[in-house]
Amino acid sequence: MKKFVIMGLFAGLLSAWLPPVPGKAAEPETGEEIFYCTDTKKPLDAGEETSNAAISKVPQDSDFEIDADGVLVKYHGTEEVVTVPDGVTKVGKSAFYKNTYIQKVLLPDTVTEIGAYAFYNSSIREIDLSRTKIIEEGAFKDCRMLEEANLETVEILGNEVFWLCKNLETVTGLEQLREIGYNVFGNTQLWQNYWKDEARGDLWIVNGILICGHHCTGTVVIPDNVKKIASLAFHTPDEIESRLEKVIIPDSVVQIGTSAFAYCRALTTVRMEDSVTRIGVHAFEGCLKLTDIRLSNTLTDIDRVFSYCKALERLTLPASLEKLGEHAFEHCTKLKTLTIPPQLKEFADNVNRVNYTVPLAQTIYVTDIAEAKKLEGTIKKCGTKVAELKLAEENVVLGTGSKFALRFNSGAKAERWRSSNKKIVAVDSVGNLYAVSTGTATITATIYGKEYKCKVTVK
């Protein structure tokens, strides 16, 4: 008897010392639904909100995590056909990432956005995107079973949205497209077919965006309905022969995308109007024969644009330029003269190379030596000298009927040439003089807002 009494006392003391064991939550009444925090899996009291907006309130047995803003945060299911619940407005970042079960996804009319990497490397084969407006970076990257995409209402396509979708062959819509990122259709069957089928035409233009021009040869005049030249639009892979030689860009174009003309190995000449406000990195990289380029006078920043342009000898930077970024002229081994504007504020140390063993150029020309002293330290690091910009000749004597090429000492291209008396000597847009009759006239060249004069006597 004592033994049982002692055991009973011990059990009582132990139960008083240990915390109570929580009981099972009560089952909901018919029609009632219990919601759980997705991080703790604990039930929420009626009306209780979580402190973290990224934590959703979902039924305990649901495969969907949906936050308070209607974003599908994560799908945990294994169904082949997935119906996204009504009310979802966006498929969130990595929501179906590497899901190898899904075959078909049905979206409600309320979904207008697909987040970054939402279906990346998944087994999805079919999805209706006809009501989607924004598809973010890598959303369907490496979805190798996806064969078609309906993009009727899409306005924005981020970088690499369909990259590595090797079976993607058909894309419809795109009439509403406003922005397109880098390498959106790279390594797809669609892209490969464009290369092989010359019947598709030289230029693929959608809603003012020039997406592709891989079949272009000789001189190409970009149509004046084009507003943007997309990334990789004219980029030429090593295995394809480059036949584009000259590009004329009209004043409708405001943007040139990343690597747009990269490795166009036959390209020698580029003309662009002052409407272009941005040139993406690597835009002209590897254009091995590029020697003549006219840049827009509204550009403020050039960064990694002309790497490996090994034939480029002279370049006049635009009057508007404020920053010359890293590696802008990396491995431009023949660059002799660079004419820079007085407004230039930032000149990166490594404009031309990874190390400092090769000079940026033989000479950098400036309009005002005193003003250029603010960049003196950087220019010295580039291993080059500085000289003042001038006309190569300031007094010229010509015979009637003769011609003469008047140029700047740097080879810079003037913004304007004019003659004080065209009846004595005329001048064209590049500085060529034509002696008409005897007498004296003054030729004026304008660059960076400064005038340079040359006296011409015709005998």
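Numbering starts at 1 and runs along the sequence shown.
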Under the side-chain hydrogen bond (donor to acceptor under 3.5 Å, both in side chains) test, residues paired with Tyr448 that sit two or more places apart: none

Residues forming a side chain to side chain contact (heavy atoms under 4.5 Å, CB included) with Glu394, sequence neighbours excluded: none

Test log, rule side chain to side chain donor-acceptor pair (under 3.5 Å), inputs Glu285 and Tyr263: CA-CA 6 Å; Glu285 180 176 295; Tyr263 295 95; 2.9 Å; yes

All pairs passing side-chain hydrogen bond (donor to acceptor under 3.5 Å, both in side chains) where residues 97-108 contributes a residue, at least two apart: Gln103-Arg125

Selection residues 171-184 - residue pairs positive for salt bridge (Lys or Arg N to Asp or Glu O under 4.0 Å), sequence neighbours left out: Glu155-Arg178

Which residues share a side-chain hydrogen bond (donor to acceptor under 3.5 Å, both in side chains) with Lys90, sequence neighbours left out: Glu136

Heavy-atom closest pair, residues Ala230 and Ala260: O-CB, 3.7 Å

Verdict with reasoning, Phe162 to Val171, per side-chain contact (heavy atoms from CB on, under 4.5 Å): CA-CA 11 Å; Phe162 296 104; Val171 170; 5.6 Å; no

By side-chain hydrogen bond (donor to acceptor under 3.5 Å, both in side chains) - contacts of Lys228 (at least two apart): none

Considering all heavy atoms, the nearest Met145-Asn167 contact: CE-ND2, 4.1 Å

Phe234 and Phe261 aromatic ring geometry - parallel, tilted or perpendicular at 30°/60° bounds: parallel

Verdict with reasoning, Val105 to Val84, per side-chain contact (heavy atoms from CB on, under 4.5 Å): CA-CA 7 Å; Val105 174; Val84 175; 4.0 Å; yes

Chi angles and distances behind the side-chain contact (heavy atoms from CB on, under 4.5 Å) call for Asp128, Leu107: CA-CA 7 Å; Asp128 183 4; Leu107 300 176; over 6 Å; no

Pair listing, side-chain hydrogen bond (donor to acceptor under 3.5 Å, both in side chains) test, anchored in residues 105-119, at least two apart: Asp109-Arg131, Tyr117-Glu137

Geometric class of the Trp204/Trp191 ring pair [parallel <30°, tilted 30-60°, perpendicular >60°]: tilted

side-chain hydrogen bond (donor to acceptor under 3.5 Å, both in side chains) involving Thr444 - partner list, sequence neighbours excluded: Lys453

Could you tabulate the donor-acceptor pairs under 3.5 Å formed by side-chain atoms of residues 315-322, not counting sequence neighbours?
residue, atom, partner, partner atom, Å
Thr316, OG1, Lys413, N, 3.2
Ser320, OG, Asn297, O, 2.9
Ser320, OG, Thr298, N, 3.3
Ser320, OG, Leu299, N, 3.0
Ser320, OG, Leu299, O, 2.5

Sequence-distant partners of Arg304, salt bridge (Lys or Arg N to Asp or Glu O under 4.0 Å), two or more places apart: Glu326

Sequence neighbours excluded, every pair satisfying salt bridge (Lys or Arg N to Asp or Glu O under 4.0 Å) that has a member inside residues 259-278: Asp238-Arg265, Arg271-Asp292, Asp274-Arg294

Salt bridge (Lys or Arg N to Asp or Glu O under 4.0 Å) partners of Arg416, counting only residues at least two apart: none

Where Asn395 and Cys454 come nearest, the two heavy atoms and their spacing: N-SG, 4.0 Å

Audit row: Ile124, Phe96, side-chain contact (heavy atoms from CB on, under 4.5 Å) steps and yes/no: CA-CA 9 Å; Ile124 189 169; Phe96 292 85; over 6 Å; no

Smallest separation among heavy atoms of Ser437 and Lys423, with atom names: OG-O, 2.7 Å

